[in-house]
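A, B, ... follow the sequence lines: proteins, then strands. Residue 1 opens every chain. None of the values given here were measured: they were computed from a predicted structure.
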Amino acid sequence: MNDLLTLMKSELIVTIIIIFLLFTKVASKEWSNESLLNFINFLLLINLVAGFFFQKDGVLFNDMFRTDKLIVLEKNILNLGLLIISLLAHGWLKKHRHMPEFYILLLSTLLGMFFMISAGNLLMFYLGLELSTIPLAALVNFDLEKRQSSEAAMKLIISSAFSSGFLLLGISFIYGTTGSTQFNGIAQHLDGSPLQVFAFILLMAGFAFKISAVPFHLWTADVYEGAPVAITAYLSVISKGAFFFVLVSVLYSVFNPMSETWYRVVLILSVLTMLVGNLFAIRQNNLKRLLAFSSIAQAGFVLVGISGSSVAGTASVVYFILVYIFSNLGAFAVVAVISSQTGKENISDYKGLYAANPFLSCILAISLFSLAGIPPTAGFFGKFFLLIAGAGKGNYIFISIAALNMVLSLYYYLVVVKAVFMDSNESPIEKLTVPVFPKISMIICLSGIVVTGIAGWIYDYIYSLSQ
Amino acid sequence: MNEIPLTHILFLSTALFFTGMYGLFTRRNMITMLMSIELMLNSVNINFVSFNKYLYPDKLDGIFFTIFIITIAAAEAAVAIAIIINLYRSHQSIDVEDAGEMKY
Amino acid sequence: MPHYTYIALIPILPLAGFVLLGLFGRRYFSASSGIIGTAILSISCLLAFYTAYQYFFEGGNVNGHYQQIIAMKYTWLQFSSNVSVDMGILLDPISVMMIVIVPFISLMVHIFSLGYLKGEERFATYYAFLGLFTFSMIGLVLSANIFQLYIFWELVGISSYLLIGFYFDKPAAVAASKKAFIVTRFADLGFLVGILILSFHAETLDFQTLISRLTSQSPQFLNITAASFLGISALTWGLVLVFIGGAGKSAMFPLHIWLPDAMEGPTPVSALIHAATMVVAGVYLVARLFPVYALSDPGALKMVMYTGAFSALLAAVIACTQTDIKRVLAYSTMSQIGFMMFALGVSKYGGEEGLGYMASMFHLFTHAFFKSLLFLCAGAVIHLVHSNEIKNMGNLRKIMPITNICFLVGCLAISGLPPFSGFFSKEEILHAAFQADKFIFSIALLTSGLTAFYIFRLYFSIFYATTSSPEPLHPVSSNHGEGTLTMKIPLIILAICALLAGFVPFANYVTSDGDPLKTNLSIGFSIAPLLLAVTGILLAKWLYQKRNNGPEKIAASLGGLYKAAYKKFYMDEVYIFLTKKIIFNLVGRPAAWIDTNIVDGSVNLLASFTGAVSERIKTVQSGKVQQYALYFFAGIAGLTVLLIYVWKI
Amino acid sequence: MNLSLLILVPFLTAMAILFCRGSKQVRVVALSGASLQLLLSAVLLVDYCKERSSGNTAPMLFEYNQAWFSNLHINYHIGVDGISIAMILLTAFIVIAGILVSWSLESMSKEFYFLLIFLSLGAYGFFISLDLFTLFFFLEVAVIPKFLLIGIWGSGKKEYSAMKLALMLMGGSALVFVGLIGLYFSTNTGDGSHSFDLLQISQMNIPLETQRIFFPFVFIGFGIFGALFPFHTWVPDGHSSAPTAASMFLAGISMKLGGYGCLRVATYLMPDAAQEYSPVIIVLATIAIIYGAFATMMQKDLKYINAYSSVSHCGFVLLGIGMLTKTAFTGAVMQMVSHGLMTALFFAAIGMIYSRTHTRMVAQLGGLLKMMPFISTVFVLAGLCSLGLPGLSGFVAEVTVFMGSWQRPGALYRIATILSCASIVVTAVYILRAVGQTVMGPVTHNYFNGLADASWNEKMASLILVAGIVIIGVTPFWLYDLVAPATDLIIKKITSNGF
Amino acid sequence: MSAYAIIFYLLSVFILVTGILAVSTRKIFRSAIFLLFSLIGIAGLFFWMQMEFIAAVQVVVYAGGIVVLIIFSIFLTQQSGKELQKPTRSRIFFSLLSVIAGFVLTYFLIQQYSFQPTSATATAVSVSNIGTQLLSTSEHGYILPFEVVSILLLASMIGCIVIAMKVES
């Protein structure tokens, strides 16, 4: 019982918050939206802080749930991201009728991811996956008045159902060929026969869909564009990050016997993803859409790191996700503030932003530089370590392609920077007052971007956990 | 029952799966697309059950998987239909071709 | 051996003058800058004389042999363990002779300029430049190290550039300065490569070591003669290239084209740089390396000889046809330097054979005086007439008698009539040529005749022939006509020098090997050249003393030849063609075009290509969820087929 | 002394600038920071010479090694030798000059000076770092400020140039990056782990095949920074559309990063490959020299003239490196220093002229010597330095390169050397053309006559640079003696592998 | 060939035919009914495999729940009489192509693979077994998934409500 409390603490805390919200929604009415929102943020903060205590390795429910320091860290990273998002979405949520439901759904998806990360069993993995997907579809639709929002939700739910169909087919074949749904049980019975390869590819397609790797990525841009900014951020950072964590552990531990196979799959996916993501991003005008494609390209880079299949691989991926949360959320924070106050989301609207809003511009620019991997921002270190991990396999053509893609990606980030700093605009965005909560989130992201890279011990810590 | 080889059942499930996929590809009405997805999921259920029955009767993993799949299919269908209804409100249509504003 | 370090002051003082006047002259003492410059220079001039005295009569001569003295030496740049550039001072007869000439002439010019450039707004700058030039020239002649010589060589070039372009708002002057610098730069390229070759094989840049190694059977000598390119030994390449450098500076054919244009500069500058000092640097260079030329590589020396002789003749011919007074003098300079060159060419090393060497140096010495004299007189004339064209002058002997006398002295000297200085040096040269090579001798003879003709053509048409314009050209009191006192004094001094310099027992001091040389002037030998000279003079007198249409007649009768000579044998046109047409159009333009269109174009092409691709593939993102599903399945199928059947484990 | 100061001071200056009010404060802070940095570098030079004269023969002095990412064996490892010190001095000079030149800038001055200082920070860090990761880090730090400087304060087709520059330089650093990683994985520090440490790697000998693969990556990568033909096309556009100070930094500092990298990383760590590829390098360098010079001859815009001549002059750097002789290496380094100062001076002069006459077209200028003698003199001096006049730094550097190149036997190298020598004639042609038409000749527009000569800050800036040029030109031996031991070390490594 | 086998084949034919009709008929209401039949057929198949519980769940959840839901939504969104519009030729072509390719590929792979049954003794698929295991935390206990699914259902319920609720404006 004591075990249960310590090992599943994150899940339990989140569940408690969910139930609390249910009651506030159903029973009590005296909460004003504003104060409730602040209280929720406070709870999320507690959740984040609590994550760092009582760290313990162990398994529960006969290996359906397992946890260790790395998993706890991953959950904390997700918590952090959630907190930042909830801060940056503050302005939008204040006005929203269904704010508590928003948090209920959001937290349940987070719960799903937690279970998925610490799943020791394909069943738990599948359940966590669905739990983190189905409510998200509802969340994407949370701009109830906007046509695009419901279109995006439709696209998400249908294509994810479709992909989970294939995922299940894959799982069924794995079950059929190995006779187990336990991860370690599967690992023993893998023999790399064609059917298993096929099953793996189906499973991998499910993953690729979630991390939006080419050619399973097509839903991404549309959904990101249609969804509320907060949810776009959530999709692009939290859910993607969670799936990367799972992917790493699944590939490294479960499919270790088929490492050669999955290395090739990852290689192909990675190259395609980087190229296509960048090529599409080049000609975007909607900033959310551009960030969508950029996040696709980033996924390609993460796959490079994963392909390393080493401790360095795990560490670099986790580290990069951390960095990526800061960088991407920094950008989204600016987008959220601007779109919630002016409704403008196009790059052409951002022209001459710096003149009136230097603070927002600098945050945006720094985040974009971090995404592009420019020192001294943390993004540079993230990319560097990913590529080092990938280079461990000695496939330098692959690494060169990745490196050149970094150059390609730099282009569209610089286009945004150019618009913000250099271009002139007859009707620029006027001076905006940034509310306190979004400002806090921006500060967090900024400090994260600056500190995470330079402070070497962070990476070392992650590395030590990954062993 | 053992004179029916496993592969025949798998033939059935596979055929059903791809029938569902065909439906998903061709049907322009969202609700029918949903139906096709249900078909796909069911075929997977058949897989699980038959694997469990034929190969690994010692544990009930397949059975339970099936049960949970069914449950989740229900939830998924519910949310999907809710979304479709909402979309119908805004678009006055449930034809996927009409819901393609965001592109490129 | 006495203490020589003070010699460093000789070049350094003018340098100090340059810095002082260059930085502060314009603002603080623009008027007095001339005096300051002159004063500074006179000090170093005195020092130079003292040095010369010490060298020739006390320190330098060790039991009848003038040896080389390294007065001082600092390592400036250590290229490698054994090859290094040292800033040093080398004293030997020729360098000492030069440091007598250079500061002296420079001083004269300084004084002359006091009057000549009075009221010029960039007066201080002018004197600064003069200082810079004097510094570089002295540094050049004192160099103990071939690379040091190259350095000062370049500095001399740049100061000549600055001085020619002194009237920077005159496009002609700017163009001339540019031309002068670029042509000499081109020659210097040869010099540089020559240095590279010699120093690489001789493993030294120091003159003494270089010469000793390349004139003995040292290992360096063996491998430099062994190494060859296009069948010509590295030594020859080196020497020829070095000579090309010298030819450039000394305006030898075909690198002479810059000299006439250089006359755009102020006339005193022409007197200093383009008559007396800088232009003989080439001769000095060859003389400096003379042992190597003479002992190790007579082939290269032959080339020197022919170049010199041809240039001398060519220049003399052209000089006969020019109408710009300064240009005539310029060509005569070229011709005289030609004399010095082939004198070196015909000479051998040491003893009686070394006569040519001694003669050449002697002529250099005397020429410095009378040519600068001529130029300064011309300057005085131009200062009065404000024109360079002969036809605007004439009948000036009444207005400027002193100038008239001095000019006459100069003319007699250059045309080699006794007892003027030119006579002695030229006789020696002809003598040497006669001993060595009859063909060269005949050319020399002819040239000296021409010299007498053209110089007196000049003289008569300036001071006698009545102008077409109503005379007297300047109805002014005679003493203005002469210009200020400061302009007259140098003329007189130089005239005296030009008169007496010939009587210096040169052969006792300056010879190829440092041992005194016995020379015997046989009257019999001198008859032929004298007759030629006199005839030349008389011809000029007949043609030009009174204005008549004789010259035109002759010109017409000569026809093409005259025209060609008048057009300087179209050398400039050839060069224009080479540079403008060939270099610019066939090299420069294509280079620029390639850069913008091909190299840069490919970069832009890459960019636009990427853009095009991304435009092309955008339809994949069709916004239709069913197509997304199709792609999804296509991805799975593709991966499966690839992984299971194509790219098997 | 503690080298980290060299990074710390610019960093603090940049921070201080952020908290300044008004362009006046900003300027003062920036200037004082830069001066302090100059002082530091001078102190460094003195200390270094003391150490050396006291017989300390370690390859690098004032080392400081601190684990950064210990699991990947990435250290913050810094130290200096003669080459780095020369580069640091150069940077310090140019930074101070650049700040002075842009003294009168009013629009967004805070950002401007911040970026300048930040850029210099990257340069300093690059020159002192002995760990390849740190090196690469600082290399990329220096890229984006250039982009912003050109894009925001530039002129002409600034966005295009800025983007082109950023992308090409990033491409270069991408190549370097791959090369470095390849190098990293081919190292082995005994216990099976890899190393980024420059000194450690220089002790190992990396298998020839690996060198063969990765030398081009590193060399071309750095070569793009150093305007290696045919990857030089960012140079003309970038320089010409950049604001004056940025052009000075670009040509004076940024291009030197390339040369330094080629020498320190590519050649030093992969000597065998360097020998194999040296003919290719030399051919490319010679093409750059000649072709750059001729392309310059055709330019009409002063900034383009200088930019192309930079291509030509940086060719000498690469030539020197490619020749693989001690003298040539030393010459290359000297050429870097000299070219840095000289081209910075040139850009400064052009900037001054442009800010007054509002044109950079040679054809439209003329007779400037009349109304602005100081600026014109500076202009002429820069020109003379670039055409290699003795007594100015350019001459010393170039002849050192020539001397060194000639020591490399073999027809190809001889011809390359002669061709490069020939370029000095072409240089003379275009420089004198530019000088003759702009500074000399008749005044082309009347309104020129009303123009004022240089202001005090411009004079200061020019004088600083001129001082540098003249000092090197008149007393080159100290620079040579500073640099030569370091290059000697590199050459020893090359020859030790049988050359 | 025993009745047992015949039943299987009949069932499978029934399932496939109705499934194909469900995805191909032009009347949406009919296709819903065909789907229902096909699902019931699958339930029959489970019966045939002596999986009574699963069969029951299948009938209850699908036939009783999902299909009804679907039919309701059809009524909400569609005038049921109206024919569905035909898909385009090319779409049909590509779909058929991929479907056939996928089917052949998959079934071929299945064919190749030789499934090995375990020798371990079977556990009875009794309702009681399933019930106990579903709620046990011990070996083969499925309490955790059960809880997770409950949360999932809750969340999706809330989601449905929020989305589908009429916006009063």
Participant: Quick check for you: to the nearest 0.5 Å, what is the distance between A:S316 atom OG and D:N71 atom CG?
Facilitator: 12.0 Å
Participant: At what distance, to the nearest 0.5 angstrom, does CD1 of D:I144 lie from CG of A:L410?
Facilitator: 5.5 Å
Participant: Looking at every non-hydrogen atom in both residues, tell me the closest pair between D:I181 and A:A391 and how far apart they are.
Facilitator: CG2-CB, 3.4 Å
Participant: Kindly check if the number of other-residue, nucleotide or ligand heavy atoms within 6.0 Å of CZ (D:F185) is above 12?
Facilitator: yes
Participant: Would you call A:S400 and D:F217 a side-chain contact if the rule is heavy atoms closer than 4.5 Å?
Facilitator: yes
Participant: Are A:Y463 and D:F69 an aromatic pair, judged by ring center distance below 6.0 Å?
Facilitator: no
Participant: Are more than 12 heavy atoms, taken from residues, nucleotides or ligands other than A:Y411, located less than 6.0 Å from that residue's OH atom?
Facilitator: no
Participant: What part of D:M168 lies closer than 4.5 angstrom to a heavy atom of chain A: side chain, backbone, both or neither?
Facilitator: neither
Participant: Is the gap between the ring centers of A:F384 and D:F137 under 6.0 Å?
Facilitator: no
Participant: Within residues 414-428 of chain A, which positions have a heavy-atom distance to chain D below 4.5 Å?
Facilitator: A:L414, A:V415, A:V417, A:K418, A:F421, A:M422, A:D423
Participant: So which part of D:L148 gets closer than 4.5 Å to some heavy atom of chain A, the side chain, the backbone, both or neither?
Facilitator: both
Participant: Would you mind checking which part of D:I152 comes under 4.5 Å of any heavy atom in chain A, side chain (CB onward), backbone (N, CA, C, O), both or neither?
Facilitator: both
Participant: Can you tell me how far CE of D:M170 sits from CG of A:L408, rounded to the nearest 0.5 angstrom?
Facilitator: 13.5 Å
Participant: Can you confirm whether D:V143 sits close enough to A:I374 that some side-chain heavy atom of one is under 4.5 Å from a side-chain heavy atom of the other?
Facilitator: no
Participant: Measure D:F214 against the heavy atoms of chain A and call it side chain, backbone, both or neither at under 4.5 Å.
Facilitator: side chain
Participant: Would you mind checking which part of A:I458 comes under 4.5 Å of any heavy atom in chain D, side chain (CB onward), backbone (N, CA, C, O), both or neither?
Facilitator: neither
Participant: Which atoms of A:I454 are under 4.5 Å from chain D, going by heavy atoms: the side chain, the backbone, both sets, or neither?
Facilitator: both
Participant: Heavy atoms, side chains only, cut-off 4.5 Å: are D:I213 and A:Y396 in contact?
Facilitator: no
Participant: Below 30° counts as parallel, above 60° as perpendicular, anything between as tilted: where do the rings of D:F133 and A:F380 land?
Facilitator: tilted
Participant: With only heavy atoms counted, which part of D:F138 is less than 4.5 Å from chain A, the side chain, the backbone, both or neither?
Facilitator: neither
Participant: Is there a side-chain contact between A:P376 and D:F118 in this structure, where contact means two heavy atoms from C-beta onward sitting under 4.5 Å apart?
Facilitator: yes
Participant: Within the structure provided, determine whether A:Y459 and D:L72 are in side-chain contact (heavy-atom separation under 4.5 Å).
Facilitator: yes
